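Here's the structure, in structure tokens; my notes come after.
Bear in mind the structure is a predicted one, so any value in this text is a computation, not a measurement.
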Amino acid sequence: MGGTPVTVAPRDDVAADQGGLCQKGWTAADLLDGPDRLTTPLRRAHLGAPLEPCTWDEALDHIAAEVGRLQREHGRDAVAVFGGGGLTNEKAYQLGKFARIALRTSQIDYNGRFCISSAAAALNRAFGMDRGLPVPLTDIATAGTVLLVGANVAETMPPFMRHLSDQRRNGGTLIVIDPRKTATARQADLHLQPTPGTDLALANGLLHVAIADGLLDEAYVAERTTGFDRLRIAVNGYWPDRVERITGVPVTHMREAVRLLAGVQVTGVPAERGAPGHNRTALVLTAQGSEQHASGTDTVTAFINLALALGLPGRPGSGYGCITGQGNGQGGREHGQKADQLPGYRKIDDPGARAHVAAVWGVDPEIIPRPGRSAYELLSALGEPGGPRALMVFGSNPVVSAPGAAAVEERLNALDLLVAADFVLSETAARADVVLPTTQWAEESGTMTNLEGRVLRRRQAVPVPAGVRSDLEVLAGLALRLGAPGTWATAPAEVFDELRRASAGGIADYSGITYERIEKEGGVFWPCPGEGHPGTPRPFLDRFATPDGKARFTPVEHRGPAEHVDADYPIFLTTGRVLAHYQSGAQTRRVNPLVDAVPEPYAELHPDLAARLGITEGVLLRVTSRRGMSIVTARLTDTIRPDTVFIPFHWAGTGRANLLTNPALDPMSRMPEFKVCAVRVEIAVSAVGEGVTE
């Protein structure tokens, strides 16, 4: 990329990453002065016309005029907003406020619904609070055993591996559950490799073994939980041999995993029974691999049930947690850009929550809309009768990242108005009627909340390029034109102070957190209900956030993937990330060293499956599901199950993994089933051997 590279040194005083960055972090500065950088607003003169430069006033005036027209003709919900899990806390908060009192629309959600919503729902159901990781990351190093479910952190979050390396150097054991033998699984002491879509059955099977082998923490269950008797009955049906048939995981591996989690010495211990180890520590951690299913909330709940039965949550060095997938995956879901939420993790249909937030905003609570559609339901309704006629997108690229991407693209094309705020022309922005060039990470200040619930500062490192505005300035400019009530600060510190007031008394209470405290302490854990409060790195030590202070067991049943393999689509597809790229790839596909590392989309398949299909290394494949087709290159590896293929989801065009994925939704979290669907795999050549068959 042209220009002088900008190097922003990481801080080494935050224990979560100890100053470490992955390849994506070290090359991120290449985007700051890259040739694809947007520095002027773009607008189409009419449908089908090209995007052409315009002034900021022209762009914002046009948006405000079209929003006003569409809402007059079709109602407030004719305009929708789609946010992102990479926005700072300040921007996520202001975006939710903008939707509710400037647009007065209920139609707002964000791409974090595709990342961590199932774990959030399960955490709330079990503990009364969604703090993704309710222990500091440094506790990992002291854990006797870590069970990692559906996470390849060696590639998706390399600094996290430092904690696992410390844990193993301290004599700890790592167990990984994943259909692929990933870079993370290769470092595990025990790898359980289930059939995609069977994690819930496996978790119930592990709990059955724990009960049968006398490994429960009976005193903890009696004192700190409710509902175990019902759960015990439910898991009676998950005896080990049956679970092995469902999942493909050997019974011996299940028993070994449970005994390690319970702190029982596996080697030399009689197989019949054993008592839980004394002073044991263990962590059960789940990620997108277990969550991105139509049964994701129940799957995560099953692993929480296992952790509770072994007495882990609420003990130092032990517990359950989830691993977020975006830069502000925790904070992005706390302050109002979800369809059912107000700041502080308040429910939008709670009268008390509405009254509190309305007072901070200086409006009547009655003007705040009720809950709207979740992310995929919102995207599916665009341009349909009764659905939104306009969409404003901030920090997201649903053309690549949404499931059933071809159908989502059709819905975007059906809109009367599509607005995208971004710093590059992503695949979504390229389809927009108006594109607004916004600041990126090194050009702005604000706060982020990491996966352990620690609020951190982001400091502006370089000047804002001429012609570029922050998302806060964009929202303020539109709010002014729309005649919105209240104040619309553009300085992040002022917005954060308002966020503190709006979150006060909520589950995610930031009222005691200030920029000054974050600087002094290297981050502050929420909830922090006063400036004299120390913050809460371990919120469940004394009680859980439920009315009676006890964690809740919930029986859940395995029901398998929403879509099963059959004669026409005989192979499982699973998707995920790779080391060199991030999310929809809109940024990383513009960084030369990352493109050089992994230049094109591909499908991993086992040599046995390849031999059966006549496929050799490097040939083009046509992978087809009931929703679409993707063209990718074959990579043969024995690290994947012979009944499964894996495609990363970072590419656009015909190589999009999400042309294939199933938008079936979890009934509680509304998470789509990204992680498993049925596909057919063929060599992608025409009958005469030339080119790709489209």
Side-chain angles (χ1 to χ4, degrees), residues 14-18 20 22 24-25 85-86 111-123 126-127 129-141 143 145-167 174-178 180 182-185 187-188 199 203 282-293 296-297 299-304 306-307 312-313 318-334 448-454 456 525 537 574-579 582-583 669 671 674-675:
V14 177
D17 57 22
Q18 300 170 336
C22 67
K24 295 185 286 289
N111 65 16
R113 181 78 68 172
F114 299 158
C115 279
I116 211 74
S117 58
S118 291
L123 281 157
F127 304 137
M129 173 192 289
D130 165 30
R131 251 279 296 275
L133 191 64
V135 297
L137 271 168
T138 49
D139 279 11
I140 292 172
T145 298
V146 172
L147 173 62
L148 194 59
V149 187
N152 181 18
V153 291
E155 293 196 68
T156 62
M157 198 181 296
F160 190 100
M161 289 301 296
R162 295 186 181 193
H163 301 283
L164 292 176
S165 297
D166 290 343
Q167 184 247 357
L174 175 63
I175 307 168
V176 170
I177 298 176
D178 200 301
R180 303 165 59 224
T182 62
T184 307
Q187 299 185 47
D199 288 357
L283 283 164
V284 176
L285 304 176
T286 66
Q288 279 86 345
S290 58
E291 291 187 56
Q292 291 179 326
H293 297 271
T297 301
T299 298
V300 175
T301 295
F303 283 103
I304 292 175
L306 175 65
L312 304 180
S318 292
Y320 162 82
C322 70
I323 300 172
T324 54
Q326 295 194 69
N328 198 23
Q330 179 69 55
R333 66 184 189 266
E334 295 170 357
M448 313 281 276
T449 305
N450 72 358
L451 74 167
E452 56 183 355
R454 189 198 303 252
L456 302 168
F525 291 90
T574 191
T575 66
R577 290 185 280 171
V578 298
L579 177 61
Y582 181 69
Q583 302 301 83
S669 69
M671 167 78 82
F674 288 100
K675 278 296 182 279

> Side chain of Gln292, backbone of Lys675: donor and acceptor closer than 3.5 Å?
Replying inline: no
> Looking only at heavy atoms, what is the nearest atom pair of Leu133 and Gly321, with distance?
Replying inline: CD1-CA, 3.7 Å
> Partners of Ala183 by side-chain contact (heavy atoms from CB on, under 4.5 Å), sequence neighbours excluded?
Replying inline: Asn152, Ala154, Glu155, Arg186
> What residues, two or more places apart in sequence or in another chain, satisfy side chain to side chain donor-acceptor pair (under 3.5 Å) together with Thr324?
Replying inline: none
> Can any side-chain N or O of His163 pair as donor or acceptor with the backbone N or O of Pro159 at less than 3.5 Å?
Replying inline: no
>> Keeping Arg131 on the side-chain end and Leu123 on the backbone end, is there a donor-acceptor pair under 3.5 Å?
In response: no
>> Tell me which one of Val300, Ile175, Thr299, Asp199 satisfies side-chain contact (heavy atoms from CB on, under 4.5 Å) with Val149.
In response: Asp199
> side chain to side chain donor-acceptor pair (under 3.5 Å) with Gln288: which residues, sequence neighbours excluded?
Replying inline: none
>> Run the side chain to side chain donor-acceptor pair (under 3.5 Å) test against Thr286 and tell me which residues pass, sequence neighbours left out.
In response: Tyr320
>> Using the rule given for side-chain contact (heavy atoms from CB on, under 4.5 Å), can you reason through Leu137 versus Leu451, listing the C-alpha separation, both sets of side-chain angles and the distance that settles it, and then say yes or no?
In response: CA-CA 9 Å; Leu137 271 168; Leu451 74 167; 3.5 Å; yes
> Taking only residues two or more places apart in sequence, or in another chain, which ones meet Ala151 in a side-chain contact (heavy atoms from CB on, under 4.5 Å)?
Replying inline: Leu148, Val153, Ala287, Ile323
> Do the side chains of Leu285 and Phe160 get nearer than 4.5 Å, heavy atoms only?
Replying inline: yes
> Who pairs with Arg333 by side chain to side chain donor-acceptor pair (under 3.5 Å), at least two apart in sequence or on another chain?
Replying inline: Asp130, Gln330
> With sequence neighbours excluded, what pairs up with Asp178 under the salt bridge (Lys or Arg N to Asp or Glu O under 4.0 Å) test?
Replying inline: none
>> Show the nearest heavy-atom pair for residues Ala143 and Leu283, with the distance to one decimal.
In response: CB-CD1, 4.1 Å
>> Give me the atom names and distance for the closest heavy-atom approach of Gln187 to Leu174.
In response: O-CD2, 4.2 Å
> From Gln167 CD over to Ile140 CD1, what is the distance, rounded to the nearest 0.5 angstrom?
Replying inline: 8.5 Å
> With distance as the sole test, does Ser318 use its side chain to make a donor-acceptor pair with the main-chain N or O of Ala282 at under 3.5 Å?
Replying inline: yes
>> Minimum heavy-atom separation for Gly85 and Asn111, please, with both atom names.
In response: N-OD1, 2.8 Å
> Who pairs with Ser117 by side-chain contact (heavy atoms from CB on, under 4.5 Å), at least two apart in sequence or on another chain?
Replying inline: Arg113, Ser669, Met671
> Considering residues at least two apart in sequence or located in another chain, which fulfil the ring pair (Phe, Tyr, Trp, His ring centres under 6.0 Å) criterion with Phe674?
Replying inline: Phe114
>> So which atom in Ile116 and which in Gly329 form the shortest heavy-atom distance, rounded to 0.1 Å?
In response: CG2-O, 4.3 Å
>> For Ala203, give me all partners under side-chain contact (heavy atoms from CB on, under 4.5 Å), at least two apart in sequence or on another chain.
In response: Ala302, Phe303
